[in-house]
Amino acid sequence: MTPVHFAFSTTFLLGLTGLAFHRTHLLSALLCLEAMMLSLFIALSIWALQLDSTNFSTSPMLLLAFSACEASAGLALLVATSRTHGNDRLQSLNLLQC
């Protein structure tokens with residue numbers, strides 16, 4: 001495994017462990033998801049550059065577009081929950097309440 005692959009693998013795994021173990025605030029969960037998506041974007045970009053093919057050059061841009069949509073939806077949920085519940089703690093959210 002090259003050092004570049006090791007760096008992107010550890011970046012993705014650190015985001016995944018942060019998402020799994022630090023689930024107290026919604027903002028920290030969204031930041032971990034964003035870190036995972038950015039590591040995937042950089043890995044796909046380097047993979048497309050290594051192949052020297054234009055067929056795979058659109059996949060990083062498509063992933064970045066989905067990442068931006070995910071970030072905007074997550075921030076909208078963060079604003080909505082902070083307005084209705086007063087904080088962004090995941091323990092205060094109850095799915096059975098309206």
Side-chain angles (χ1 to χ4, degrees):
M1 180 178 278
T2 64
V4 174
H5 291 115
F6 180 73
F8 295 129
S9 298
T10 55
T11 305
F12 184 80
L13 288 176
L14 281 174
L16 188 63
T17 56
L19 184 63
F21 292 128
H22 300 291
R23 293 183 293 175
T24 56
H25 294 282
L26 182 59
L27 184 62
S28 64
L30 289 174
L31 284 174
C32 289
L33 280 174
E34 196 65 30
M36 289 169 56
M37 290 298 283
L38 285 176
S39 69
L40 284 176
F41 168 71
I42 292 172
L44 271 177
S45 299
I46 289 179
W47 182 60
L49 285 174
Q50 285 177 348
L51 289 179
D52 282 336
S53 176
T54 58
N55 295 335
F56 298 110
S57 62
T58 58
S59 59
M61 286 299 154
L62 188 64
L63 182 75
L64 193 62
F66 283 131
S67 176
C69 293
E70 175 257 334
S72 65
L75 286 176
L77 285 173
L78 178 71
V79 168
T81 56
S82 66
R83 283 186 181 175
T84 57
H85 296 289
N87 58 10
D88 69 334
R89 293 183 61 85
L90 293 177
Q91 297 293 331
S92 67
L93 299 178
N94 189 0
L95 294 178
L96 299 177
Q97 266 183 341
C98 290

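As the structure is a computational prediction, the values presented were derived from the model and not from experiment.
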Passes side chain to side chain donor-acceptor pair (under 3.5 Å), H25 versus S28? Steps please.
CA-CA 6 Å; H25 294 282; S28 64; over 6 Å; no
[X] side, atom [atom1]; [Y] side, atom [atom2] - distance, nearest 0.5 Å:
X   : Y   : atom1 : atom2 : answer
L44 : M61 : CG    : CE    : 11.0 Å
L13 : F8  : CG    : CZ    : 13.5 Å
I46 : L51 : CD1   : CG    : 12.0 Å
L63 : E70 : CG    : CD    : 10.0 Å

Specify the closest pair of heavy atoms between L75 and L30, including all atoms of both residues, with the distance to one decimal.
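That would be N-CD1, 4.2 Å.
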Can you name the closest pair of heavy atoms from L19 and C32 and give their distance?
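Scanning both residues completely, I find the closest heavy atoms to be N-SG, 3.6 Å.
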Who clusters with L14? Use side-chain heavy atoms, under 4.5 angstrom, across I, L, V, M, F, W and Y, and order the result by chain and number.
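Direct or chained contacts put L14 with none.
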Check: T11 side chain, A7 main-chain N or O, donor-acceptor pair, under 3.5 Å:
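Yes.
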Shared ILVMFWY cluster between L31 and L38, side chains joined below 4.5 angstrom?
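No, L31 does not connect to L38 through the hydrophobic network.
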Same hydrophobic cluster for I42 and L62, using side-chain heavy-atom links shorter than 4.5 Å among ILVMFWY?
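The answer is no; the residues belong to distinct hydrophobic clusters.
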With sequence neighbours excluded, give me every side-chain hydrogen bond (donor to acceptor under 3.5 Å, both in side chains) pair touching residues 39-50.
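Those involving residues 39-50 do not exist here.
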